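Structure first, commentary second.
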Amino acid sequence: MSAPGGSYLVVHHPGPLSTVQDLGRAGWAALGVPPSGASDSRSLTLANRLVGNPEHAACVEASLGGLTVELTAARHIALTGAHTAADLAGRPVAANTPYYARPGDVLRLGRPLGGGLRTYLAVSGGIAVDPTLGSRSTDLLAGLGPPPLRPGHRLPLGDQPSPRTMVDLAPSPALPARPVLDVVPGPRDDWFTPDGLATLTGNPYTVTADANRVGVRLDGPALTRRVTAELGPEGMPTGALQVPPSGQPILFLTDHPATGGYPVIAVVTTRCLPLAGQLAPGDTVSFRFARGADEF
């Protein structure tokens, strides 16, 4: 796709993993296509609002920082999500604040400074790569959308939105060091021993190194099955806590497969999915029962 007036975001270094993400491609699960989209949708929509974009505009999702990009046109930018030490043309930039970037300005992100894994970069006009099935999101599992960013990638930028938001700062609480995620019982909670849900909600779990946009393997007290029969493939929502024979739950994130063959003991509520998308290896996470409909 051509960019107006040669407006591009040029990737000099992608860091450990940087991808293009928007709010995903909902509605394709029946064809085996997962939703994909931003792991932390709350941070992506905030970044877009700060630069005057529609909330669904495509941004860059940088995992563990390390991203270095250059703008070829004057634009407003904003960083949200995991806070990093960042600078624009050598000047420090803070999270949750819009900044004006001039042609040739280079933005550099360090590693996250505290909690969280993923930082979102919004540029006014949005990342205007060609959509696939209605979304510009990179899907690592299905291989849909643009590939993960590499040095030399030139991402086209869309037309400047108008008018731009006049917010100088969007106060946002820091990501918690020990997140607590609300859950509801899953469709197969009765396949576990009577204390299964109590074990899940009564103990902390550690995020292992086996974690990506597809899912997060957790380490903690094993969840023991009461029914040991084989389970046929079933549809899997984002936030499903699937339990393989090891008894250690796997939390499915946005690039998860559309179906799975292990029982789901619980599902993380929609309200808590952005926080789940910020879980990093080594984090301690706990689960609790959602208190009511307002928790969803």
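Note that the numbering runs from 1 along the sequence shown for the chain. Keep in mind that what you see is a predicted model, and the values were worked out from it rather than measured.
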**Complete:** CZ of R136 to CZ of R25, rounded to nearest 0.5 Å, is 11.0 Å

**Prompt:** Under the ring-ring contact (aromatic ring centres under 6.0 Å, His included) test, which residues partner F289, sequence neighbours left out?
**Reply:** none

**Message:** Is there a side chain to side chain contact (heavy atoms under 4.5 Å, CB included) between M236 and V264? Walk through the geometry before answering.
**Reply:** CA-CA 8 Å; M236 291 290 151; V264 173; 3.3 Å; yes

**Message:** Looking at Q160 and A74, would you say the former's side chain and the latter's main chain have a donor-acceptor pair under 3.5 Å?
**Reply:** yes

**Exam field: side chain T84 to backbone P112, donor-acceptor pair closer than 3.5 Å** = no

**Prompt:** Heavy-atom count around R91 CZ within 6.0 Å, excluding the residue itself: above 12?
**Reply:** yes

**Request:** Check whether any side-chain heavy atom of L109 sits under 4.5 Å from a side-chain heavy atom of L79, and report yes or no.
**Result:** yes

**Item:** Contact check, side chains of F252 and P237, non-hydrogen atoms, under 4.5 Å
**Value:** no

**Message:** As an exercise, state the distance from CG of L253 to CG of L141, rounded to the nearest 0.5 Å.
**Reply:** 12.0 Å

**Item:** Shortest non-hydrogen contact from L175 toward G115
**Value:** CD1-O, 3.6 Å

**Asked** Distance only, no hydrogens: is a donor on one side chain within 3.5 Å (strictly under) of an acceptor on the other, for Q21 and R213?
**Response** yes

**Prompt:** Taking R75 for the side chain and S124 for the main chain, is one N or O donor matched with an acceptor at less than 3.5 Å?
**Reply:** yes

**Request:** For the pair N48 (side chain) and T45 (backbone), establish whether a donor and an acceptor sit closer than 3.5 Å, ignoring hydrogens and angles.
**Result:** no

**Request:** Report yes or no: does Q248 contribute a side-chain atom to a donor-acceptor pair with the main-chain N or O of G220 at less than 3.5 Å?
**Result:** yes

**Prompt:** Heavy atoms, side chains only, cut-off 4.5 Å: are D87 and L107 in contact?
**Reply:** no

**Asked** What salt bridge (charged side-chain N to carboxylate O under 4.0 Å, His left out) pairs are there with at least one residue in residues 217-233, not counting sequence neighbours?
**Response** D210-R217

**Message:** Could you report the tightest heavy-atom contact between V20 and P146, atom names first, then the distance?
**Reply:** CB-CG, 3.9 Å

**Request:** Would you give the length of the straight line joining atom CZ of R188 to atom CD of Q242, rounded to the nearest 0.5 angstrom?
**Result:** 12.0 Å

**Prompt:** Heavy-atom distance under 4.5 Å between the side chains of R271 and D182, does that happen here?
**Reply:** yes

**Message:** Taking Y8's backbone N and O only, do any of them form a donor-acceptor pair with T72's side chain (distance below 3.5 Å, no angle check)?
**Reply:** yes

**Prompt:** Which heavy-atom pair separates P148 from L140 by the least distance, and what is that distance?
**Reply:** CG-CD2, 3.8 Å

**Request:** Please say which of L251, L275, V184 ends up in a side chain to side chain contact (heavy atoms under 4.5 Å, CB included) with V268.
**Result:** L251

**Full working for side chain to side chain contact (heavy atoms under 4.5 Å, CB included) between L44 and T80** = CA-CA 7 Å; L44 178 135; T80 59; over 6 Å; no

**Prompt:** Does L223 belong to the same Ile/Leu/Val/Met/Phe/Trp/Tyr cluster as V227, with side-chain heavy atoms less than 4.5 Å apart forming each link?
**Reply:** yes

**Message:** Please determine whether side chain to side chain contact (heavy atoms under 4.5 Å, CB included) holds for the pair V267 and L241, giving the CA-CA distance in whole Å, both sets of side-chain angles, and the decisive distance to 0.1 Å.
**Reply:** CA-CA 6 Å; V267 180; L241 282 157; over 6 Å; no

**Connected via hydrophobic side-chain network under 4.5 Å: V69 and Y120** = no

**Prompt:** In terms of side-chain geometry, is the basic nitrogen of R118 or D40 positioned less than 4.0 Å from the acidic oxygen of its partner?
**Reply:** no

**Asked** Side-chain heavy atoms under 4.5 angstrom apart, residues restricted to Ile, Leu, Val, Met, Phe, Trp, Tyr: same cluster for V60 and L17?
**Response** no

**Asked** Can you tell me how far CH2 of W28 sits from CG of L133, rounded to the nearest 0.5 angstrom?
**Response** 4.5 Å

**Qualifying residue for side-chain hydrogen bond (donor to acceptor under 3.5 Å, both in side chains) with S36, from D22, D255, T238, T254** = D255

**F287: ring-ring contact (aromatic ring centres under 6.0 Å, His included) partners, not counting sequence neighbours** = none

**Message:** What I'd like to find out is whether the side chain of L279 reaches to under 4.5 Å of the side chain of L117, using heavy atoms alone.
**Reply:** no

**Request:** Please examine the side chains of L144 and S137, heavy atoms only from C-beta on, and report whether any two atoms are closer than 4.5 Å.
**Result:** no

**Asked** Counting only heavy atoms not in Y262, do more than 12 sit closer than 6.0 Å to its OH atom?
**Response** no

**Prompt:** Where the side chain of R108 meets the backbone of A86, is there a donor-acceptor pair that is under 3.5 Å apart?
**Reply:** no

**Prompt:** Should L200 and V207 be counted in the same cluster of Ile, Leu, Val, Met, Phe, Trp and Tyr side chains packed under 4.5 Å apart?
**Reply:** yes

**Request:** Give a yes or no on whether the backbone of P185 and the side-chain of D189 come within a donor-acceptor separation of less than 3.5 Å.
**Result:** no

**Asked** Which pair of non-hydrogen atoms, one from G158 and one from A128, has the smallest distance, and what is that distance?
**Response** N-CB, 3.7 Å

**Message:** Which heavy atom of N53 sits nearest to which heavy atom of G126, and what is that distance?
**Reply:** ND2-N, 3.6 Å

**Message:** For V214 versus P257, what's the shortest heavy-atom pair and its separation?
**Reply:** CG1-CD, 4.1 Å

**Item:** Evaluation steps, side chain to side chain contact (heavy atoms under 4.5 Å, CB included), between I250 and V216
**Value:** CA-CA 6 Å; I250 301 170; V216 173; over 6 Å; no

**Request:** For residues T19 and L149, determine if any side-chain heavy atom of one lies less than 4.5 Å from a side-chain heavy atom of the other.
**Result:** no

**Message:** Let me confirm one number: the CG-CZ distance from L88 to R102, rounded to the nearest 0.5 Å.
**Reply:** 9.0 Å

**Asked** For S18, does its backbone N or O pair with a side-chain atom of E61 as donor and acceptor, under 3.5 Å?
**Response** no

**Item:** Heavy-atom side-chain contact between P34 and D139 under 4.5 Å
**Value:** yes

**Asked** Are L197 and Y205 joined in one hydrophobic group, where the rule is that I, L, V, M, F, W and Y side chains link up if heavy atoms are under 4.5 Å apart?
**Response** yes

**Asked** Looking at CG of L157 and CG of L71, how far apart are the two atoms once the value is rounded to the nearest 0.5 Å?
**Response** 6.5 Å

